[in-house]
Amino acid sequence: MSKHYFQLRLTGSYQGSENKLHHLRVEHVVNGEWQSLALSERSPGFLIYAYSIFTCQHLFMRNNCAERGIELASAHGEMLLVADQEWRLEQLEISFAVKTSKGSPTEEDRSYVLSRMKQCPVSRNLPEIADSETRLQFD
């Protein structure tokens, strides 16, 4: 059986107390090589779906950090999404390593932001995924 793998990564920088995007670069693996992600009407639907999961969690991470008074300087995020031959989701791993410009996040802040990330509309509508993990690290 053949599995379908989607790997994405992003690097972003932010400004202000609302963590507005200053710069964002998203890449994905194509034939074993990282390439810039440029979505268009020709993009495979499942790639768009994978991107929507990733960007929704990224948005909720930024917004909920701002809600807790944590200003972000930059972030590096990675996502691995694996589907079986029939395109059913089997594995989802999302991680963000974040550098702050203001605020000293506590474990309670981290837990809160992680829980809110899982409440983004796309994530809430995912089917049950047996192997799923979301990580958030503040530097």
Problem - Verdict with supporting geometry, T55 and V122, side-chain contact (heavy atoms from CB on, under 4.5 Å) - result: CA-CA 9 Å; T55 193; V122 179; over 6 Å; no

Handout entry: CA sep, side-chain torsions, deciding dist, call: M61, L72, side-chain contact (heavy atoms from CB on, under 4.5 Å)
Key = CA-CA 10 Å; M61 183 271 296; L72 307 179; 3.8 Å; yes

Problem - NZ/NE/NH1/NH2 to OD/OE distance under 4.0 Å, E108 and R68 - result: yes

Practice task
Rounded to the nearest 0.5 Å, what's the gap from CG on L8 to CD on E27? Could you check?
Solution key: 9.5 Å

Fill in the blank from the handout: Tightest non-hydrogen contact, residues Y14 and A75, listed as OH-CB, 3.3 Å

Handout entry: Beyond-backbone contact of V82 with L92, side-chain heavy atoms, under 4.5 angstrom
Key = no

Practice task
Go through the steps for L89 and L126 under the test side-chain contact (heavy atoms from CB on, under 4.5 Å), then give the verdict.
Solution key: CA-CA 9 Å; L89 302 181; L126 289 173; 3.9 Å; yes

Problem - Single-linkage hydrophobic cluster Y51~F46, side-chain heavy atoms < 4.5 angstrom - result: yes

Exercise for the section: Indicate yes or no: does R9 engage E78 in a salt bridge with an N to O separation below 4.0 Å. Expected result: no

Exercise for the section: Could you tell me whether the side chain of S132 and the main chain of I129 form a donor-acceptor pair under 3.5 Å? Expected result: no

Handout entry: Side-chain heavy-atom pair H76, L10 within 4.5 angstrom cut-off
Key = no

Handout entry: Inter-residue atom distance R124.CZ - C56.SG, 0.5 Å rounding
Key = 11.0 Å

Handout entry: Validation row: V113, L136 side chains within 4.5 angstrom (heavy atoms)
Key = yes

Practice task
Indicate the atoms forming the closest heavy-atom contact of H58 with L24, along with that distance.
Solution key: CE1-CD1, 4.0 Å

Problem - side-chain contact (heavy atoms from CB on, under 4.5 Å) between Y5 and L81, worked out - result: CA-CA 6 Å; Y5 293 85; L81 182 65; over 6 Å; no

Problem - Side chain proximity check, F138 to S104, heavy atoms < 4.5 angstrom - result: no

Exercise for the section: Indicate whether the side chain of E33 and that of Q35 have a donor and an acceptor atom separated by less than 3.5 Å. Expected result: no

Practice task
State, without any angle test, whether S123 and Q57 hold a side-chain donor-acceptor pair at a distance under 3.5 Å.
Solution key: yes

Problem - Ring centroid separation W34 to H28 under 6.0 Å - result: no

Handout entry: Inter-residue atom distance L21.CG - Q15.CD, 0.5 Å rounding
Key = 9.0 Å

Practice task
Please check if the distance between the ring centroids of F54 and F6 is under 6.0 Å.
Solution key: no

Problem - same_hphob_cluster(I48, V26) at 4.5 Å side-chain heavy-atom cutoff - result: yes

Exercise for the section: Any chance you could measure S95, atom OG, to M79, atom CE, to the nearest 0.5 Å? Expected result: 11.0 Å

Exercise for the section: To the nearest 0.5 Å, tell me how far R110 CZ sits from Y112 OH. Expected result: 15.0 Å

Handout entry: Side-chain donor/acceptor of T100 to backbone N/O of K102, under 3.5 Å
Key = no

Practice task
Output yes when a side-chain donor or acceptor of N19 lies under 3.5 Å from a complementary backbone atom of N63, and no otherwise.
Solution key: no

Handout entry: N/O donor-acceptor pair under 3.5 Å between N64 side chain and E67 backbone
Key = no

Handout entry: Side chain proximity check, M117 to F96, heavy atoms < 4.5 angstrom
Key = yes

Practice task
Decide yes or no for Q137 and R135: does some side-chain heavy atom of the first lie under 4.5 Å from some side-chain heavy atom of the second?
Solution key: no

Problem - Distance in Å, R88 CZ paired with K3 NZ, rounded so as to fall on 0.5 Å steps - result: 11.0 Å

Exercise for the section: Answer yes or no: are there more than 12 heavy-atom neighbours, outside E90 itself, under 6.0 Å from its atom CD? Expected result: yes

Problem - same_hphob_cluster(V29, L80) at 4.5 Å side-chain heavy-atom cutoff - result: no

